[in-house]
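Worksheet for the structure shown next.
Chain naming here is simple, since letters A, B, ... match the order of the sequence lines and numbering starts at 1 in each.
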2 protein chains.
Amino acid sequence: MRTTITDVARHAGVSPSTVSHVLSGNRTISPETRARVQRSIRALNYRAHAGARSLRAGQTDVVGLVVPLQTCYYQRVLMPYVYGVTEAARAHGWNVMLLTATDGKAEIERAVYSNMVDGLVLMEVQLHDERVPLVAGLGRPAVLLGMPADPAGLAYVDFDFEAAANLCVEHLVGLGHRAIGFVGGPQSLYDSEISFALRTQTSVAARLSEHGLEFHGVAAEPNPAGVQLALRSLLDQTPELTGLIVKNEWSVDLIVDALNQLGRKVPRDTSVVVIAGQEVASQVSPALTYVRIPAEELGRAAVELLSTSSGDAPREGVLVPPELVRRGSDAPLVPAQSRS
Amino acid sequence: MRTTITDVARHAGVSPSTVSHVLSGNRTISPETRARVQRSIRALNYRAHAGARSLRAGQTDVVGLVVPLQTCYYQRVLMPYVYGVTEAARAHGWNVMLLTATDGKAEIERAVYSNMVDGLVLMEVQLHDERVPLVAGLGRPAVLLGMPADPAGLAYVDFDFEAAANLCVEHLVGLGHRAIGFVGGPQSLYDSEISFALRTQTSVAARLSEHGLEFHGVAAEPNPAGVQLALRSLLDQTPELTGLIVKNEWSVDLIVDALNQLGRKVPRDTSVVVIAGQEVASQVSPALTYVRIPAEELGRAAVELLSTSSGDAPREGVLVPPELVRRGSDAPLVPAQSRS
DNA sequence: GTGAAAGCGCTAACAA
DNA sequence: TTGTTAGCGCTTTCAC
């Protein structure tokens with residue numbers, strides 16, 4: 001049998017409402033009574049029934065985390081976001097329910113309409129994401145972890161991939177490079193219009209063009225063969241490339257190898273700058289110059305924003321600015337004829 | 001205002017109990033009434049209030065997934081398990097609540113005693129895990145995703161790491177290798193007695209000893225420097241090694257490189273066999289001979305086991321047998337003097 | 001085949 | 001400062 005608030009009340013010799021108020025703290029209780037009740041709570045190991053509480057209070061203290069897990073190979077990138085979200089949620093006294101929306105909208109609707117969650121955090125937001133208008137119409141606090149083309153009045157948090165792309169271009173151009181290539185994620189990311197993938201690529205192209213430079217990009221599938229294929233095709237078509245911007249979590253540990261196999265030394269022949277999460281970038285040897293995606297912080301920020309979005313005012317987005325860390329895979333351009 | 005069962009009843013011109021029975025299906029309802037009610041449900045977009053239902057029914061249809069996320073660098077390995085668990089849970093009509101037990105037992109107790117979850121799946125089980133006796137005493141269905149020293153009557157699912165270790169040893173011995181080294185996970189895994197880490201290492205040592213061979217093992221920290229350091233120290237102490245068994249998710253993509261840098265070609269000088277999840281092993285170039293850890297299947301199996309553990313009978317464990325896949329990083333031993 | 005009504009455990013408005 | 005009580009939305013026994 002469950003321990004109920006009535007059990008505690010009986011044990012402490014008070015009424016249930018007194019116990020309730022000791023718990024919630026919104027009534028002045030005499031110190032003695034409070035102490036006695038708390039002792040009983042401890043003694044009986046009492047916890048309020050979450051269902052009853054949510055029925056009565058109309059809120060659950062649960063955040064729904066919507067993660068489309070079907071993109072299997074993307075999983076290793078997702079975990080730090082999840083971690084950030086759950087940590088921040090706990091700090092607010094909230095629990096996290098995993099909504100792996102393979103059926104897309106249905107699961108979200110169910111969770112909200114059946115009052116299982118108070119609010120939502122959406123991960124893996126696409127540029128044109130059908131979940132965004134759906135969630136916007138739900139009338140619940142919701143935060144997008146990723147920037148869509150139209151946030152529909154929802155708050156969002158994202159890494160500033162445009163600025164990151166620009167930073168990479170400026171860095172390489174500043175080192176004298178004029179022929180700069182781009183290695184992007186798997187084609188499927190672009191097909192499904194995953195927000196960051198498109199934004200990064202577009203910005204690289206735009207900023208190169210501002211410098212009067214051409215854009216040379218490839219998509220690389222998430223495996224060794226795919227990366228090698230992509231690199232080869234890129235360098236076959238444009239052998240004069242001396243700078244490489246890489247936004248592809250799966251190629252990071254392969255890129256230097258692949259370049260070596262194509263007869264290019266890093267950074268002597270080719271400078272490489274990577275945009276990636278820390279856990280990816282820091283695994284690699286030799287250390288790569290990179291722009292870190294602060295996944296965990298982004299997850300945290302999403303929950304913080306959620307805690308603010310109870311109001312009805314349409315919320316704006318937050319873009320976290322990038323920072324470039326030099327780690328030795330980049331070097332000033334040396335004219336070909338003067339190389340040792 | 002929420003849509004309630006009473007709203008639906010009114011809309012359909014029946015009583016709430018009729019609606020309830022249409023939903024649950026445990027009463028014979030005339031086809032016309034059923035159709036009318038279902039139309040109303042559809043029309044009003046009705047979903048039962050999860051809290052009310054759990055209050056009344058005494059169950060939540062929620063599974064608590066206990067993931068100690070604090071071991072940050074371990075995150076990339078965890079996701080496939082999470083995926084398997086959530087998929088299988090959905091198939092049972094269950095939701096998944098993420099319990100990132102940084103405070104260990106407190107969060108588990110809270111979730112159970114406040115009736116937020118019907119059952120538990122524990123990940124990252126340690127050999128002597130304080131959560132195991134705790135959960136065993138909770139009287140709720142629970143499954144361990146990992147084998148502890150004493151399951152305390154709880155069901156568990158795990159990969160058969162002993163068998164995997166044996167398989168690796170036998171394979172290398174079968175190829176003629178007599179000096180075989182072992183590269184294990186970070187020291188912290190052994191310190192916290194993470195079950196699989198200890199079991200693997202112990203089994204490798206035991207099986208080697210059965211063949212009259214010595215055990216030479218190192219722990220490697222999860223970064224390039226750590227792996228190189230570990231390998232160097234291993235090969236400094238035992239330069240005659242020609243076979244290497246690797247159970248370290250972070251070194252997989254570094255091991256061949258590191259061996260090259262130490263002047264050893266794979267598989268000519270050194271044969272390498274890896275125990276790792278697919279998403280790790282398949283990312284590497286050149287392809288490594290490996291024993292795949294079927295993380296997703298293990299997650300699924302845990303939930304299946306949970307669906308069976310409603311009974312009170314103490315449950316037994318399931319060990320999933322390993323399989324070795326040859327991919328080219330191993331070769332028969334060639335005596336040193338006959339090498340080209 | 002269907003309806004009325006009690007009660008799951010909790011909170012808060014109302015009483016004292 | 002504390003107790004009494006109604007009712008959140010649902011299921012299910014009991015009655016018809």
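B:Ile5 has its CD1 atom 14 Å from the P atom of C:dA4, to the nearest Å. Between the CZ atom of B:Arg36 and the C1' atom of C:dG3 there is a distance of 14 Å, rounded to whole Å. Taking atom CG of residue B:Leu23 and atom P of nucleotide D:dG9, one finds them 16 Å apart after rounding to whole Å. Distance B:His49 NE2 to C:dC8 P: 18 Å, rounded to the nearest Å. Going from atom CD of A:Gln59 over to atom P of C:dT11 covers 11 Å, rounded to whole Å. Between the CG atom of A:Asn115 and the C1' atom of D:dG9 there is a distance of 10 Å, rounded to whole Å. A straight line from CZ of B:Arg53 to C1' of D:dG9 spans 11 Å, rounded to a whole angstrom. Here the P atom of nucleotide D:dC10 and the CG atom of B:Asp61 are 15 Å apart, to the nearest Å.
Panel note: side chain A:His92, backbone A:Trp94; no donor-acceptor pair is recorded below 3.5 Å. Within the 3.5 Å criterion, the main-chain N or O of B:Thr60 finds a donor-acceptor partner in the side chain of B:Asp118.
A:Ser17 and A:Ser20 share no side-chain donor-acceptor pair at under 3.5 Å. Side-chain N/O atoms of B:Ser30 and B:Thr33 include a donor and acceptor closer than 3.5 Å.
Regarding contacts with the backbone of D:dC10, a side-chain N or O of B:Tyr46 is found under 4.0 angstrom from either OP1 or OP2. Listed pair A:Thr33 / D:dT2 meets the phosphate criterion, a side-chain N or O lying under 4.0 Å from OP1 or OP2. OP1 or OP2 of D:dT2 lies within a sub-4.0 Å distance of a side-chain N or O belonging to A:Ser30.
Rounded to the nearest 0.5 Å, atoms CZ (B:Arg10) and CG (B:Leu44) are 10.0 Å apart.
One finds no salt bridge joining A:Arg2 and A:Asp7 here, because no Lys/Arg side-chain nitrogen approaches an Asp/Glu carboxylate oxygen to under 4.0 Å. Under a 4.0 Å N-O distance rule, the pair B:Glu296/B:Arg300 qualifies as a salt bridge.
B:Ile29 comes within contact range of the sugar-phosphate backbone alone, with a heavy-atom separation under 4.0 Å but no base atom that close.
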Check nucleotides 12-14 of chain D for protein N or O atoms closer than 3.5 Å to its own N or O atoms and list the pairs.
from   : atom 1 : to      : atom 2 : distance (Å)
D:dC14 : N4     : B:Arg27 : NH2    : 3.4

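Distances from the side chain of A:Arg2 to the nucleotides C:dA4, D:dC10, C:dC10 place C:dC10 closest.
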